[in-house]
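A quick write-up on the structure given underneath.
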Amino acid sequence: MSRIRTLVPHAAALAVIAACTWLTLWQLQRATDKEQLLARFHGRAVVELAALSAPLSLPQPVRLAGWWRPARQVLIDNRIREGQPGVEVLTPLELDDGRWVLIQRGWASWPARDQALPDPRPPQTDPGRPVQLTGVLNHPPGVGVRMGEATSTEQWPRLLTWFDLESLRAAFGPTLLPAVVQLDPNHPAHLTGDAWPLVTFGPERHRGYALTWATIALVVTGIWLVLSLRARRNRQRT
């Protein structure tokens, strides 16, 4: 029993050191992955969306043309900007080839649940001519934990708690693209003019996390060695 009691602190220390070392290496790998993604994106030329086919390599700068269909806008709930509650606005665009894509136009305020849903329409254009847009074809807006049903209302604009491609394709048809186009912030249809972040956390953040885990590993290693040496000396004296 005494031997087991002696081994437990050593096993716990080694487990913490191993876990922190793994987390350090993982965060460093994440930083490398983010650097490669950013370099790959900045090295890409703008291409026509119509020329892309599956599988999509995202993010990708694109040009596209189509017709706004603002009567069926999609709103992603629980979006905070500068401490204010609101929604992310996705406006459907019907492409020349009959496919649909959701254009992510940015944030709109929705300060209270008892108020009507925001429904900001893009600037009016000639309905006989397609609009020309540029942006970044990217993954749909992400969320935290997905709880409950995605669709909060069946009316338009449609409020979603998280981006659910299956329910959206039921509304728009199977030709709805699985990615969204983040509209150029300089376009007049963009709601806030905020730049789109390519990544949530940059490489520097991951390196900072790696440094934190490495520091914890070193501190635990130092404490473990000091206590082990002290315990050994005490045994030798007795």
Side-chain angles (χ1 to χ4, degrees), residues 8-46 55-62 76-90 104-110 134-147 150 160-165 178-186 190-230:
V8 166
H10 294 284
L14 291 173
V16 171
I17 294 167
C20 290
T21 301
W22 181 84
L23 288 168
T24 299
L25 297 174
W26 178 63
Q27 289 293 345
L28 291 174
Q29 182 59 52
R30 292 282 290 159
T32 300
D33 293 342
K34 293 290 180 67
E35 284 182 333
Q36 292 174 349
L37 183 148
L38 293 171
R40 186 167 63 249
F41 173 79
H42 290 301
R44 286 182 168 178
V46 179
L56 299 172
S57 179
L58 306 176
Q60 171 64 56
V62 293
I76 307 298
D77 200 0
N78 300 315
R79 297 289 158 157
I80 304 298
R81 180 178 183 267
E82 298 179 352
Q84 300 300 314
V87 295
E88 194 74 19
V89 179
L90 305 174
Q104 189 173 356
R105 295 173 51 218
W107 180 89
S109 175
W110 189 30
T134 58
V136 176
L137 187 68
N138 211 341
H139 299 283
V143 296
V145 178
R146 297 183 176 186
M147 301 180 64
L160 301 182
T161 54
W162 44 275
F163 189 96
D164 179 37
L165 182 61
V180 302
V181 172
Q182 296 171 327
L183 185 62
D184 183 345
N186 295 317
H190 196 286
L191 295 172
T192 62
D194 295 340
W196 300 106
L198 286 177
V199 293
T200 304
F201 295 147
E204 303 79 13
R205 179 79 67 90
H206 290 289
R207 290 198 182 91
Y209 289 152
L211 179 60
T212 298
W213 289 117
T215 301
I216 294 173
L218 288 173
V219 169
V220 173
T221 300
I223 294 173
W224 173 54
L225 290 175
V226 168
L227 293 179
S228 296
L229 290 173
R230 185 178 298 174

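Just so you know, these numbers come straight off a predicted model, no measurement behind them. Only heavy atoms go into these numbers, but all of them, side chains included; no hydrogens, no water, no symmetry mates.
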Does a side-chain heavy-atom distance below 4.5 Å link [X] with [Y]?
X      : Y      : value
Asp33  : His206 : no
Leu90  : Phe163 : yes
Gln84  : Ser109 : no
Gln182 : Pro59  : no

Looking only at non-hydrogen atoms, find the nearest pair between [X] and [Y] and report the distance.
X      : Y      : result
Asp164 : Leu160 : N-CD1, 4.3 Å
Leu38  : Pro203 : CD1-CD, 4.0 Å
His190 : Pro185 : CD2-CA, 3.5 Å
Trp110 : Asp77  : CZ3-OD1, 3.8 Å
Leu58  : Asn138 : CD1-C, 3.8 Å
Pro85  : Ile80  : CA-CD1, 3.6 Å

Drop me the distance from [X]'s [atom1] to [Y]'s [atom2], to the nearest 0.5 angstrom.
X      : Y     : atom1 : atom2 : answer
Thr24  : Trp22 : OG1   : CH2   : 10.5 Å
Thr21  : Leu14 : OG1   : CG    : 10.5 Å
Leu137 : Arg44 : CG    : CZ    : 10.0 Å

Review item, side-chain donor-acceptor pairs of residues 209-221, under 3.5 Å, at least two apart:
unit_1, atom_1, unit_2, atom_2, d
Tyr209, OH, Arg205, NH1, 3.4
Thr212, OG1, Gly208, O, 3.1
Thr215, OG1, Leu211, O, 2.7
Thr221, OG1, Ala217, O, 2.7

Does Ala45 offer a backbone N or O that forms a donor-acceptor pair with the side chain of Gln60 under 3.5 Å?
yes
Looking at Arg79, is its backbone amide N or carbonyl O close enough to the side chain of Trp107 to form a donor-acceptor pair, meaning the two atoms are under 3.5 Å apart?
yes
